[in-house]
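Every value quoted in this text rests on a predicted model; they were computed, and no experiment measured them. Sequence lines set the chain letters: A, B, ... in the order given, protein chains first and strands last, and positions in each chain run from 1.
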Amino acid sequence: MEAVANEVQKTVREKRPFTLLTILKNRWFLYAVSMVFFFWLWDFVGERRILGSSLARPHEVLIQLADMVTNPLAGKSLFGHIWASTQRILIGFVIASVVAVPLGLLMALNPYINAVVKPVFDLLKPMPPIAWISISILWFGIGEASKVFIIIIGTFVPCLLNSYNGVRLIEPELYDVVRMLGGNRRQEIINVCFPASFPAIFAGLQISLSIAWTCVLAAELVSARSGLGFVIILGMNLARPALIVGGMVVIAVVAWLTTLLVTALEKLVCPWKREIEGM
Amino acid sequence: MSVKESGVVSQEKGQDGYKIVCERISKEFIQKGTQRVHVLEDISVAVRKNEFVVILGPGQSGKTTLLRIIAGLEIPTTGRVLLDGREVTGPGPDRGLVFQGYMLFPWKTVMGNVEIGPKLRGVPKKERREIAARYIKLVGLDGFENHYPHQLSGGMKQRVGIARAYVNSPEVMLLDEPFGQLDAQTRYYMEKETVRIWETERRTVIFVTNNIDEAIYLGDRIITLQGKLPGRMHAVYEVDLPRPREHTDMKFLELRHIITEASELTL
Amino acid sequence: MAYEEVKVKKPLALRLLPIASLVFFLGTWQLIVDFEVLPSSMLASPWQVIQLFVVKLTEANPDGAVLARHAWTSIQEAFTGYILSLIVGIPLGLFMGWFVVAEGLARPFFEMIRPIPPIAWIPLTIFWFGIGLAGKVFIIWIAGIVPCVINSYVGVRMTNPTLIQMARTYGATDWQIFTQICIPSALPMVFGALQIALAYCWTNLVGAELLAADTGLGFLITMGRRLARPDMVVLGMISVGLTGAFIGVIIDRVEKRLLAGIRR
């Protein structure tokens with residue numbers, strides 16, 4: 001079937017002449033320049049003490065981090081603190097998504113459940129999760145439970161909203177496909193609702209994840225004896241800038257890695273999703 | 001060639017031997033919460049077994065709604081649809097519908113999309129794969145079984161849509177402007193393919209379009225709808241040209257002229 | 001006539017259930033406190049919160065400021081940081097979307113800063129700016145700038161390439177294409193960023209005030225916890241929620257008006 005094969009499109013790369021300007025305008029070259037400048041600026045500001053003694057130089061931060069790997073800080077090594085924060089996020093995140101995602105789906109599928117849950121949800125939604133920190137300390141003390149609670153509060157909202165909207169924005173004719181082929185309501189939900197709302201649910205999980213990092217840090221800054229938030233607040237209390245900046249670097253790396261993980265998971269679960277160029 | 005102006009089939013003429021009978025259908029529905037729209041008014045159509053009927057009308061003439069009523073996806077406000085003499089109360093696998101917007105499941109491959117019908121009926125995997133593969137081959141997509149819809153062109157997507165509808169072996173095929181989004185070349189090619197498939201897998205077909213050439217090329221009979229809401233039946237044309245038809249055939253052009261003249265009056 | 005206006009009513013149950021649900025929620029909350037299911041040191045009832053609200057309208061103690069002043073401080077901080085993040089973030093994102101050099105130089109900076117939650121900057125900002133306005137504005141600025149840059153960047157990137165090619169055939173310069181085509185077509189995305197950035201700013205404001213403040217709604221919540229006054233905590237939370245929702249509505253109005261101007 002030739003005509004069919006002809007319908008497949010191919011993209012051809014254009015070749016441009018190679019000049020000095022092409023190097024200067026090359027994306028990767030510019031990235032490299034920018035990175036070098038970033039670290040130079042950081043080192044310069046740290047060395048000249050432009051911001052007082054509060055900014056540690058890059059190599060000081062590296063030494064500090066290397067030191068923390070071997071010498072425990074407040075009873076835990078660097079990896080211990082990373083795990084403390086990650087563990088809180090995982091527990092809170094799992095509890096919130098296990099409850100919120102099905103609830104969102106149910107709300108979208110059943111107008112009566114929606115009528116009961118939505119008003120209360122809308123009432124609680126505008127309160128930033130961080131505003132719950134104080135009350136969660138009053139309720140659960142300063143232990144693990146209060147931190148997990150904050151993460152649950154923070155991640156619940158995007159998980160629920162996205163699964164709710166994911167179902168509501170499904171093209172109604174997709175249900176007609178299943179109905180025409182003799183499917184019943186249950187089959188419509190299994191074959192259309194669930195897979196069609198997957199990308200939206202994953203987007204919700206991505207948002208939740210970044211909120212979860214904010215929440216866990218806020219909770220650890222207020223009261224904790226372990227975790228990355230604790231590391232930077234300890235650095236502040238001991239006036240050790242290398243500890244603060246080191247903590248921030250580690251947070252950035254770990255948060256970035258968890259985002260990558262969820263993206264990879266999404267590609268695995270939703271291979272059909274087209275990629276959009278950009279960030 | 002016989003042209004029968006405003007040959008509306010009325011109830012009294014008897015409906016024995018007809019596959020599908022629409023009796024005085026009218027339809028109103030509510031859109032945007034508060035707007036009542038009158039879409040169809042007093043439509044009566046009778047379709048013989050294995051006949052290829054084209055419903056021709058401009059945009060906004062209610063032809064898609066009529067097809068959805070026959071499919072059982074919409075309930076007529078008044079009137080009823082009979083399939084083999086039994087009243088249609090809902091959608092079912094005895095009718096296959098091909099959608100204007102393809103409506104493929106983006107999360108399933110070509111094979112996954114085509115085999116969904118037998119899968120819903122609980123046909124074992126091996127068996128349904130075999131049936132699906134046969135129809136994928138029939139529409140000329142063998143080799144593309146593991147592609148996802150976004151990797152296919154418009155024409156290929158609609159082939160999947162046609163295979164998906166055929167795989168349940170429905171007695172009636174309903175096609176809703178299936179080639180409306182395709183370019184002229186692909187469209188012409190797909191029309192030829194439609195005739196080829198229809199000749200191999202003989203079925204009763206109701207085909208909705210807004211393209212006069214397409215209607216004459218495909219149909220045994222053409223039913224035209226009036227060009228503004230509520231949609232009413234305007235005329236019925238018998239097309240007894242031999243297949244394969246030629247767009248440049250004198251009789252083809254003559255009929256085209258007649259229909260164009262007649263439809264312009266209603267716009 | 002094919003069209004006709006009609007009234008459609010929702011089923012009675014669907015109209016009553018939301019009200020019933022809210023009444024049940026508030027009632028349970030009140031009863032939990034009244035019958036001391038939870039001790040009064042842990043939760044205040046809605047009625048106690050309303051009473052405190054009335055008191056706090058005029059009474060500055062025990063946290064040092066009346067409610068209006070807390071709210072005003074928070075709004076001031078949030079708005080300063082928000083506006084600054086718009087002023088810097090939107091042009092930066094637009095430039096990054098169109099000019100390769102801008103993208104190449106700015107993106108690594110941006111990508112390295114982006115994964116750090118704004119809250120994590122608090123200790124550094126306390127060193128740099130103390131606990132006054134500037135430190136909190138900095139945190140809010142960091143929080144707001146991320147969605148501004150991303151949305152403006154994606155907005156420019158999503159410009160219809162045919163429009164750009166059309167402009168090229170008419171001999172438009174890069175700069176003309178940028179200002180005449182890319183920016184207008186990115187505007188809906190940019191306006192989308194206004195709401196997202198505001199939500200980020202408001203969340204992080206509360207975080208900033210929890211740690212480093214002497215007035216502000218976040219501070220009110222912290223004081224409530226330190227003094228073991230759950231009514232103050234809940235009042236603070238509700239004030240934060242209401243103020244945030246209120247600002248959100250205003251931004252939404254502004255956005256609609258601006259967008260309507262563009263579509264015309």
Tell me, for [X] versus chain A, whether the close heavy atoms (under 4.5 Å) come from the side chain, the backbone, both or neither.
{"X": "Ile221(C)", "answer": "both"}
{"X": "Val101(C)", "answer": "both"}
{"X": "Phe109(C)", "answer": "both"}
{"X": "Leu205(C)", "answer": "neither"}

Should [X] and [Y] count as side-chain neighbours, where that means a heavy-atom distance under 4.5 Å?
{"X": "Arg107(C)", "Y": "Arg27(A)", "answer": "no"}
{"X": "Leu43(C)", "Y": "Trp139(A)", "answer": "yes"}
{"X": "Phe39(A)", "Y": "Met112(C)", "answer": "yes"}
{"X": "Ile119(C)", "Y": "Ile130(A)", "answer": "yes"}

Mind ranking [options] by heavy-atom pairs under 4.5 Å with chain C and telling me who comes out on top?
{"options": "Pro129(A), Pro126(A), Ser134(A)", "answer": "Ser134(A)"}
{"options": "Trp28(A), Phe29(A), Phe38(A)", "answer": "Phe38(A)"}
{"options": "Leu123(A), Ile251(A), Ile232(A), Val254(A)", "answer": "Ile232(A)"}
{"options": "Val33(A), Ile137(A), Asn237(A), Val249(A)", "answer": "Ile137(A)"}
{"options": "Thr259(A), Val116(A), Ile211(A)", "answer": "Val116(A)"}

On a heavy-atom basis, which atom in [X] and which in [Y] lie closest, and how many Å separate them?
{"X": "Ala255(A)", "Y": "Pro115(C)", "value": "CB-O, 3.7 Å"}
{"X": "Met236(A)", "Y": "Ile126(C)", "value": "SD-CD1, 3.8 Å"}
{"X": "Pro117(C)", "Y": "Trp213(A)", "value": "CG-CB, 4.1 Å"}
{"X": "Met127(A)", "Y": "Met237(C)", "value": "CG-O, 3.3 Å"}
{"X": "Ile135(A)", "Y": "Val234(C)", "value": "CD1-CG2, 3.7 Å"}
{"X": "Arg225(C)", "Y": "Val222(A)", "value": "NH2-CG1, 3.4 Å"}

Give, for atom [atom1] of [X] and atom [atom2] of [Y], the distance between the pair rounded to the nearest 0.5 Å.
{"X": "Trp256(A)", "Y": "Arg114(C)", "atom1": "CH2", "atom2": "CZ", "value": "11.0 Å"}
{"X": "Thr222(C)", "Y": "Ile133(A)", "atom1": "OG1", "atom2": "CD1", "value": "8.5 Å"}
{"X": "Ser21(C)", "Y": "Asn114(A)", "atom1": "OG", "atom2": "CG", "value": "10.5 Å"}
{"X": "Tyr112(A)", "Y": "Leu14(C)", "atom1": "OH", "atom2": "CG", "value": "4.5 Å"}
{"X": "Tyr200(C)", "Y": "Thr214(A)", "atom1": "OH", "atom2": "OG1", "value": "8.0 Å"}

How about CZ on Arg15(C), more than 12 heavy atoms from neighbouring residues, nucleotides or ligands closer than 6.0 Å, or not? yes
Checking [X] against chain C: side chain, backbone, both or neither under 4.5 Å from a heavy atom?
{"X": "Trp132(A)", "answer": "both"}
{"X": "Ile244(A)", "answer": "side chain"}
{"X": "Leu124(A)", "answer": "side chain"}

Heavy-atom pairs under 4.5 Å with chain A: which of Leu242(C), Val240(C), Leu22(C) has the most? Leu22(C)
Pick whichever of Leu26(C), Ile238(C), Val100(C) has the most heavy-atom pairs under 4.5 Å with chain A. Val100(C)
Backbone of Pro128(A) reached by a side-chain donor or acceptor of Trp202(C) within 3.5 Å: no
Using side-chain contact (heavy atoms from CB on, under 4.5 Å), reason through Trp128(C) and Leu55(A) one step at a time and then give a plain yes or no. CA-CA 9 Å; Trp128(C) 294 347; Leu55(A) 190 68; 3.9 Å; yes
Do Glu103(C) and Tyr31(A) get their side chains close enough for a donor-acceptor pair, meaning under 3.5 Å? yes
